[in-house]
Student: 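One structure, as structure tokens, below. Some questions next.
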Amino acid sequence: MKPMEIMSVLERFNFRCALTDSEDYHIEHWIARSHGGKTVVENCYPLDKELNLRKGSQNPFVFFEREDIRSRFDKERFEELVFWLAFMNDMTVQEFRDYTFRVYESGSK
């Protein structure tokens with residue numbers, strides 16, 4: 001991503017984690033690079049550093065639905081993030097969810 005694109009993503013989330021509001025975050029790839037994800041606005045968001053390190057290259061829907069992880073973030077914020085990413089990818093939320101699972105099941109885009 002170009003610097004202005006990174007800034008636009010960070011501004012969208014007020015320079016905080018999209019899920020926890022933490023100021024200690026990494027830029028995370030929804031579709032992990034190891035699964036063909038690109039470093040583009042449509043695939044990146046700020047995620048709490050600890051959550052990011054625990055998530056690794058797991059399917060975010062599966063990871064964030066884990067019982068030990070759910071209590072660490074606001075479910076409404078997760079739904080807003082998914083809606084935003086779906087919108088940025090010109091998909092409905094269900095299409096985006098299906099797309100995400102296809103990518104993680106096949107290992108590539």
Side-chain angles (χ1 to χ4, degrees):
M1 284 190 299
K2 295 177 183 174
M4 291 307 293
E5 292 171 325
I6 294 169
M7 289 300 291
S8 72
V9 170
L10 293 176
E11 285 175 351
R12 163 67 179 84
F13 297 101
N14 297 315
F15 297 89
R16 296 176 179 271
C17 169
L19 303 181
T20 68
D21 209 32
S22 169
E23 293 180 351
D24 190 13
Y25 58 81
H26 291 166
I27 299 296
E28 167 65 5
H29 294 79
W30 183 266
I31 304 293
R33 291 184 302 189
S34 62
H35 288 272
K38 306 277 189 240
T39 305
V40 294
V41 171
E42 299 85 359
N43 191 45
C44 293
Y45 62 100
L47 181 62
D48 176 86
K49 183 173 97 173
E50 184 180 328
L51 284 174
N52 183 41
L53 294 173
R54 291 184 71 185
K55 180 186 162 289
S57 63
Q58 298 176 62
N59 177 329
F61 284 110
V62 173
F63 176 75
F64 289 118
E65 289 172 1
R66 285 179 23 190
E67 189 172 321
D68 64 319
I69 299 300
R70 280 192 311 235
S71 65
R72 302 189 59 133
F73 66 92
D74 182 332
K75 181 150 176 60
E76 186 175 309
R77 291 181 91 152
F78 179 76
E79 291 169 0
E80 290 173 9
L81 172 63
V82 171
F83 178 83
W84 179 74
L85 288 167
F87 176 79
M88 294 299 291
N89 284 279
D90 197 28
M91 296 180 194
T92 67
V93 169
Q94 187 60 53
E95 289 170 336
F96 186 67
R97 183 179 176 85
D98 293 345
Y99 165 74
T100 299
F101 274 91
R102 276 195 314 272
V103 168
Y104 278 91
E105 287 167 4
S106 72
S108 63
K109 273 189 158 182

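FYI, side chains are in, hydrogens and waters are out, and symmetry mates aren't considered; it's all heavy atoms of this structure.
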Student: For the residue pair Phe64 and Arg70, what are the closest heavy atoms and their distance?
Tutor: O-CG, 3.3 Å
Student: Does the side chain of Leu19 come within less than 4.5 Å of Asp48's, by heavy atoms?
Tutor: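 No, every pair of side-chain atoms sits at 4.5 Å or beyond.
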Student: Listed by chain and number, what are the side-chain contact (heavy atoms from CB on, under 4.5 Å) partners of His29, not counting sequence neighbours?
Tutor: Arg33, Thr39, Asn43, Cys44
Student: Please name all residues satisfying ring pair (Phe, Tyr, Trp, His ring centres under 6.0 Å) with Phe96, sequence neighbours left out, ordered by chain then number.
Tutor: Trp30
Student: Can you list the residues that meet the salt bridge (Lys or Arg N to Asp or Glu O under 4.0 Å) rule with Glu42, with sequence neighbours excluded?
Tutor: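 Glu42 satisfies salt bridge (Lys or Arg N to Asp or Glu O under 4.0 Å) with no other residue.
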Student: Where do Glu76 and Asp74 come nearest, in terms of heavy atoms and distance?
Tutor: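 Smallest heavy-atom distance, with atoms named: N-OD1, 2.8 Å.
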Student: Got a sec, which residues hit side-chain hydrogen bond (donor to acceptor under 3.5 Å, both in side chains) with Glu79, two or more places apart in sequence or on another chain?
Tutor: none
Student: Among all residues two or more places apart in sequence or in another chain, which pass the side-chain contact (heavy atoms from CB on, under 4.5 Å) test with Leu10?
Tutor: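 Applying side-chain contact (heavy atoms from CB on, under 4.5 Å) to Leu10 gives Ile6, Phe15, Tyr25, Ile27, Pro46.
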Student: Glu50: what forms a side-chain hydrogen bond (donor to acceptor under 3.5 Å, both in side chains) with it, not counting sequence neighbours?
Tutor: Arg72
Student: Under 6.0 Å from the CZ atom of Phe101, do we count more than 12 heavy atoms belonging to anything else shown?
Tutor: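 Atom CZ in Phe101 is packed in, count exceeds 12.
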Student: In chain order, what residues pass the side-chain hydrogen bond (donor to acceptor under 3.5 Å, both in side chains) check against Arg54, with sequence neighbours excluded?
Tutor: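 Result, side-chain hydrogen bond (donor to acceptor under 3.5 Å, both in side chains) vs Arg54: Asp68.
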Student: Quick one: CG on Leu51 to SG on Cys17, what's the gap to the nearest 0.5 Å?
Tutor: 6.5 Å
Student: Nearest 0.5 angstrom please: Lys49 NZ to Thr20 OG1, how far?
Tutor: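 One finds 12.5 Å between NZ of Lys49 and OG1 of Thr20.
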Student: Can you list everything that forms a side-chain contact (heavy atoms from CB on, under 4.5 Å) with Ala32? Sequence neighbours excluded, please.
Tutor: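 Ala32 satisfies side-chain contact (heavy atoms from CB on, under 4.5 Å) with Ser34, His35, Ser57, Tyr104 only.
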Student: Determine the interplanar angle of the Phe73 and Phe78 rings, folded into 0 to 90°, and report it as parallel if under 30°, tilted if 30 to 60°, perpendicular if over 60°.
Tutor: tilted
Student: Look up atom CD1 in Ile31 and atom CG in Asn59, then write down how far apart they are to the nearest 0.5 Å.
Tutor: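 Those atoms lie 7.5 Å apart.
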Student: Holding to salt bridge (Lys or Arg N to Asp or Glu O under 4.0 Å), I want the full list of residues that pass it with Glu65, two or more places apart in sequence or in another chain.
Tutor: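 Arg97.
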Student: Please enumerate all residues that pass side-chain hydrogen bond (donor to acceptor under 3.5 Å, both in side chains) together with Asn14, with sequence neighbours excluded.
Tutor: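 Partners of Asn14 by the side-chain hydrogen bond (donor to acceptor under 3.5 Å, both in side chains) criterion come out as none, since no residue qualifies.
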Student: Could you give all pairs that pass the salt bridge (Lys or Arg N to Asp or Glu O under 4.0 Å) test and reach residues 4-20, with sequence neighbours left out?
Tutor: Arg16-Asp21, Arg16-Glu23
Student: Name all residues meeting the ring pair (Phe, Tyr, Trp, His ring centres under 6.0 Å) criterion together with Phe13; count only those two or more places apart in sequence or in a different chain, and write none if there are none.
Tutor: Trp84
